[in-house]
Amino acid sequence: MADEIILLDFWPSMFGMKVRIALAEKGLKYEYRDEDLFNKGPLLLEMNPIHKKIPVLIHNGKPICESQIIVQYIDEVWKDKSPLLPSDPYHRAQARFWADYIDKKLHLLGARLWRTKGEEQEANKKEYIECLKLLEGELGDKPYFGGENFGFVDVNLMPYFSWLYVFEIAANFSIEAECPKLITWAKRCMEKESVSTSLPDHQKLYDFFLQLKKWHGIE
Amino acid sequence: MATSDVKLLGAWPSPFALRVHIALNIKSIDYECLEENLLAKSQLLLQSNPVHKKVPVLIHHDKPICESLAIVQYIDEAWSSAPSILPSDPYDRAVARFWAAYIDDKWFPWLNGVANAQGAEAKKAALDQVREGLVVLEEAFGKCSKGKDFFSGDRIGYVDIALGCFLGWVYVAEKRNDVKLLVEDKMPGLAAWANKFCEDGTVKDVMPDKDELLEFANMILEARAKLNASSNN
């Protein structure tokens with residue numbers, strides 16, 4: 001029986017991007033549905049009644065929610081192609097640790113970056129760069145966080161780089177000088193079709209961001 | 001395996017450290033427990049968890065693993081013989097991870113919020129939110145347990161560990177605020193589960209005494225209140 005896969009998503013969402021990359025890495029065909037987050041559809045509300053959020057993966061009618069959980073699910077079900085988590089338990093624990101760090105720290109700090117101004121924004125910029133430097137240290141000289149192969153942490157971090165373009169303009173800074181290895185890593189990831197086809201165009205994202213600022217009443 | 005191969009850096013009041021104790025017990029692993037003083041953290045802790053500087057940390061063959069749920073999954077994978085902590089089916093695993101994430105990201109911050117709430121109205125709202133979360137978890141318990149004793153079925157598993165570790169702190173919030181949170185007629189499944197969890201062989205010797213936890217909580221919350229009062233002058 002062919003698998004039926006539906007992804008309920010919202011194109012600018014970093015969390016949705018992770019799932020798109022994972023599905024592409026596994027070469028999976030699926031139906032993509034963009035949700036209107038101001039007018040959530042009945043399927044989303046039925047499939048994720050607790051959080052009512054995207055992304056939601058619906059596999060043969062059964063919903064899986066929360067981006068990191070979805071990516072692990074995809075990796076476990078379609079385990080024969082492009083494994084994302086390493087096989088060794090210690091390295092798996094490390095990958096989960098860093099994915100959690102990215103989701104908890106980077107996400108919060110990124111959101112603070114564009115919502116603050118002046119001295120507060122400068123302090124947030126510093127903290128954001130410190131986090132990226134920590135991740136850069138973890139990458140070391142490896143081509144990917146997963147080692148020789150693109151893996152779980154790479155999937156989790158790349159979407160933030162999509163938004164980094166927007167943050168750099170909004171908060172007037174550049175990480176190129178501070179985190180050159182991460183820039184090289186991001187360029188290497190973008191050469192992968194699974195990544196480049198899953199991430200939105202920078203300009204489109206920036207235009208969306210301007211809309212987002214308006215909705216939040218921020219200059 | 002030599003005891004020194006497995007070390008747990010923990011702190012007796014920490015529900016997160018308790019998760020790891022239980023997981024190690026489920027797998028019958030011998031381990032050395034190193035009690036941290038969270039006001040004077042050891043060099044070993046700071047070296048093993050430089051990012052968060054928090055307990056628990058599991059040190060296995062001198063390699064540190066941090067974050068309680070990552071540690072529990074590590075234990076399940078590194079000691080892969082039965083009993084399992086996570087289910088074997090990928091969909092069931094996703095459901096278990098979902099509820100553990102709900103507990104950590106939504107419900108526990110609400111429980112934590114009770115102590116921070118200022119004034120009677122805010123306290124009541126915070127307590128109501130904790131109870132609402134427990135109603136959601138009651139429904140989850142019904143679906144996951146399928147009539148058995150635990151979220152995982154016949155034995156304690158991932159979601160049981162994720163939630164059960166907070167039972168002592170639920171008791172603390174109930175006593176300090178003179179309310180019931182785990183209300184038997186609203187949450188009969190969870191009420192029965194809570195008793196079975198606390199009595200389980202893998203839990204009862206490692207769960208801190210509830211009244212000692214209450215005394216500890218009273219002490220730190222009073223110290224914090226004094227500090228706030230003096231800094232407001």
Side-chain angles (χ1 to χ4, degrees), chain A residues 3 15 19 22 26 47-53 55-79 85-108 130-131 133-135 137-138 152-153, chain B residues 6 16 20 23 27 48-52 54 56-80 85-107 109 132-133 135-137 139-140 143 158-159:
Chain A
D3 282 307
F15 303 104
V19 180
K26 302 288 185 176
M47 293 285 143
N48 191 357
I50 301 291
H51 302 300
K52 304 176 176 53
K53 283 181 173 177
V56 179
L57 190 79
I58 310 174
H59 182 207
N60 296 333
K62 296 205 289 194
I64 302 102
C65 308
E66 298 294 289
S67 62
Q68 268 197 52
I69 294 174
I70 299 172
V71 172
Q72 288 187 80
Y73 174 81
I74 291 168
D75 201 36
E76 288 170 11
V77 173
W78 292 278
K79 55 184 184 287
L85 270 164
S87 51
D88 167 72
Y90 178 72
H91 293 118
R92 290 162 77 84
Q94 294 303 99
R96 287 181 178 129
F97 175 88
W98 287 110
D100 187 65
Y101 178 82
I102 289 162
D103 265 0
K104 299 259 157 62
K105 271 287 213 185
L106 261 196
H107 186 70
L108 185 69
E130 286 311 310
C131 281
K133 279 192 168 147
L134 193 64
L135 286 162
E138 177 56 25
F152 190 64
V153 179
Chain B
V6 184
F16 303 103
V20 182
K27 299 284 189 177
S48 308
N49 192 356
V51 177
H52 300 301
K54 286 181 173 178
V57 179
L58 188 78
I59 305 179
H60 186 205
H61 295 316
D62 296 322
K63 295 199 285 197
I65 302 107
C66 308
E67 292 298 290
S68 62
L69 292 180
I71 300 172
V72 170
Q73 290 185 81
Y74 172 80
I75 290 169
D76 201 29
E77 290 167 3
W79 287 272
S80 54
I85 295 174
L86 271 154
S88 50
D89 172 72
Y91 187 76
D92 294 336
R93 290 158 80 82
V95 172
R97 286 179 176 134
F98 175 88
W99 288 114
Y102 175 84
I103 289 159
D104 268 5
D105 300 338
K106 287 266 178 305
W107 184 79
E132 275 163 37
V135 169
V136 170
L137 289 165
E139 203 185 318
K143 287 195 182 130
Y158 195 65
V159 183

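Naming convention: chains lettered A, B, ... in sequence-line order (proteins, then strands); numbering from 1 in each chain.
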Please walk me through it: do A:Phe97 and B:Val51 pass side chain to side chain contact (heavy atoms under 4.5 Å, CB included)? CA-CA 10 Å; A:Phe97 175 88; B:Val51 177; 3.9 Å; yes
With A:Asp75, which residues qualify under side-chain hydrogen bond (donor to acceptor under 3.5 Å, both in side chains), at least two apart?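 A:Asp75: side-chain hydrogen bond (donor to acceptor under 3.5 Å, both in side chains) contacts with A:Lys26.
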Identify the heavy atoms of A:Ile69 and B:Ala94 that sit nearest to each other, and give their distance.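 Taking every non-hydrogen atom into account, CG2-O, 3.6 Å.
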Considering all heavy atoms of both residues, which atom of B:Pro90 and which atom of A:Tyr73 are nearest to each other, and what is their separation?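 Smallest heavy-atom distance, with atoms named: O-CD1, 3.6 Å.
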Please flag which part of [X] lies under 4.5 Å from any non-hydrogen atom of chain B: side chain, backbone, both or neither.
X	result
A:Ile70	neither
A:Gln94	side chain
A:Lys105	neither
A:His51	side chain

Counting only non-hydrogen atoms closer than 4.5 Å, does [X] touch chain A with its backbone (N, CA, C, O), its side chain (CB onward), both, or neither?
X	result
B:Pro64	both
B:Asp76	neither
B:Arg97	both

Does any part of the side chain of B:Phe98, heavy atoms only, come nearer than 4.5 Å to the side chain of A:Ile50, both counted from C-beta?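 A side-chain contact exists here, since the closest heavy-atom pair is under 4.5 Å.
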Side-chain contact, heavy-atom cut-off 4.5 Å: B:Tyr91 with A:His59?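 No, every pair of side-chain atoms sits at 4.5 Å or beyond.
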In terms of side-chain geometry, is the basic nitrogen of B:Asp104 or A:Lys104 positioned less than 4.0 Å from the acidic oxygen of its partner?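 The answer is no: the pair does not qualify as a salt bridge.
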Run the salt-bridge test on A:Arg96 and B:Glu67 with the 4.0 Å N-O cut-off and return the result as yes or no.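 Result for this pair is no, no salt bridge flagged.
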For the pair B:Arg93 and A:Glu76, evaluate side chain to side chain contact (heavy atoms under 4.5 Å, CB included) and give the outcome as yes or no after the intermediate values. CA-CA 10 Å; B:Arg93 290 158 80 82; A:Glu76 288 170 11; 2.9 Å; yes
Using the side chain to side chain contact (heavy atoms under 4.5 Å, CB included) rule, take B:His52 and A:Tyr101 through it: C-alpha gap first, then chi angles, then the decisive distance, then the call. CA-CA 10 Å; B:His52 300 301; A:Tyr101 178 82; 4.0 Å; yes
Residues forming a ring-ring contact (aromatic ring centres under 6.0 Å, His included) with B:Tyr158, sequence neighbours excluded: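 Per chain and number, B:Tyr158 pairs via ring-ring contact (aromatic ring centres under 6.0 Å, His included) with no residue.
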